Every structure is written in structure tokens, then in C-alpha cells.
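These notes concern the structure reproduced below.
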Amino acid sequence: MTLRFEASCPDGLCPGWSIILKGETPSEANKFEINFLCDRDDRIAFHFNPRFTESDIVCNSFMANHWGQEERCTNFPFGAEEPFQIEIYSDNESFHVYIDETKIMQYKHRVEDLKTITKVQVVNDVNISSLEITKKH
Ligand code: 9QG
């Protein structure tokens, strides 16, 4: 695993915050991940995982030491060495994912206590040009 970015927001990232990642995939990209982590129990509240080998975006949560049921998005707007913007916004119900300002999917929260989601991480095959964390409401 290659860590590209990590930030901790002790007051919590959900609901109401947007993560806006501008970047580009390297030519030999296999996969990258944006993870929203909880401050305890090694939980991943939201694992957003574009896989270039499958042309699929795999989404899941890791709780109680297990991956849950995958939710796959077959709309795959990423191309090799093409710049993109991903915005992930959360409200009380879901994470909402926009790529280049077009909504591609949403992912219903599985973690009960949203305030425990305090960390965001970007890993693997992505070159980040900027990452912004902003309060929407
Ligand atoms: O493969 O799928 C998401 O459902 C697993 C992967 C796992 C996740 C998971 O192995 O990758 O993408 O540690 C890993 O390699 C994680 C990040 C059924």
C-alpha cells in the first residue's frame, strides 16, 4: 500500500463535509482508494476503490474485521493519464460521489455513529494535484 495523503479531522468529517480531490492516474495504474476511516476499531466507513483492471468502482466498508457486501459502480469515467476531479460529500444518509461535477453514485452510511469518521486517506495509483476538505453546510 502506498499512502498518498492522510488527514485527521478530530471533530468528524460526516455529515456536511466535502472532500475534493484533483488528480490524475499514472499510465500503469492498477487501482487507487479513498478511505474514510473511523477513529477506533480499524473501521473503514467508506472504501471507494476504482479498479482499472476491471473498469469498475468497488465500494465497501470494513467493520468488525470484515469486508461487507460490495456495491459496484460500473460507470467508470477514469482514463489513463487523464486528469479528473472527485468530490465526495456526505449528508446524514449517504456519501454522494461526483466525478468532474457529475454525480455517479451514492453509498448509504453503514456506520451508525457518523461522528467517529475522522480520517481520510488516499492510497495507491493516483497522482494528487490538490485535496481540499470543505464544510458545505
Ligand atoms: O477483495 O475487496 C473491497 O470489497 C477485497 C480487496 C480489498 C478491498 C475489498 O482485497 O482491498 O478492495 O487490503 C486490501 O487490499 C483492500 C484495500 C475482495
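Counting convention: from 1, in listed order, for ligands and their atoms alike. For clarity, every value in this text was computed on a predicted model and none was experimentally measured.
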Sequence neighbours left out, what pairs pass side-chain hydrogen bond (donor to acceptor under 3.5 Å, both in side chains) with at least one residue falling in residues 2-11? Glu6-Gln121
Is Lys31 close enough to touch ligand 1? Criterion: a residue heavy atom under 4.0 Å from a ligand atom. yes
Ranking Glu71, Arg72, Glu70, Gln69 by closest non-hydrogen atom to atom 3 (C) of ligand 1, top hit is Glu70
Do Arg110 and Asn60 have side-chain atoms, one donor and one acceptor, less than 3.5 Å apart? yes
Determine whether any protein heavy atom is located less than 4.0 Å from atom 12 (O) of ligand 1. yes
Among all protein heavy atoms, pick out the one at the shortest distance from atom 16 (C) of ligand 1; state its residue, atom name and that distance to 0.1 Å. Trp67 CZ2, 3.8 Å
Closest heavy-atom approach to atom 6 (C) of ligand 1 among Arg51, His47, Met1 is made by Arg51
What atoms of ligand 1 come within less than 4.0 Å of a heavy atom belonging to Asn49? 12 (O)
For Asn60, the atoms of ligand 1 under 4.0 Å from one of its heavy atoms are 3 (C), 4 (O)
Numbered atoms of ligand 1 (with element) below 4.0 Å of Glu33, judged on heavy atoms: 17 (C)
Mind checking ring pair (Phe, Tyr, Trp, His ring centres under 6.0 Å) for Tyr98 and listing every partner two or more places apart, or none if nothing turns up? none
I want to know whether Phe32 and Phe84 have ring centres closer than 6.0 Å. yes
If you take the centroid of each ring, where Trp contributes its six-membered ring, are Phe76 and Phe52 closer together than 6.0 Å? yes
Distance flag, aromatic centroids of His109 and Phe95, threshold under 6.0 Å: yes
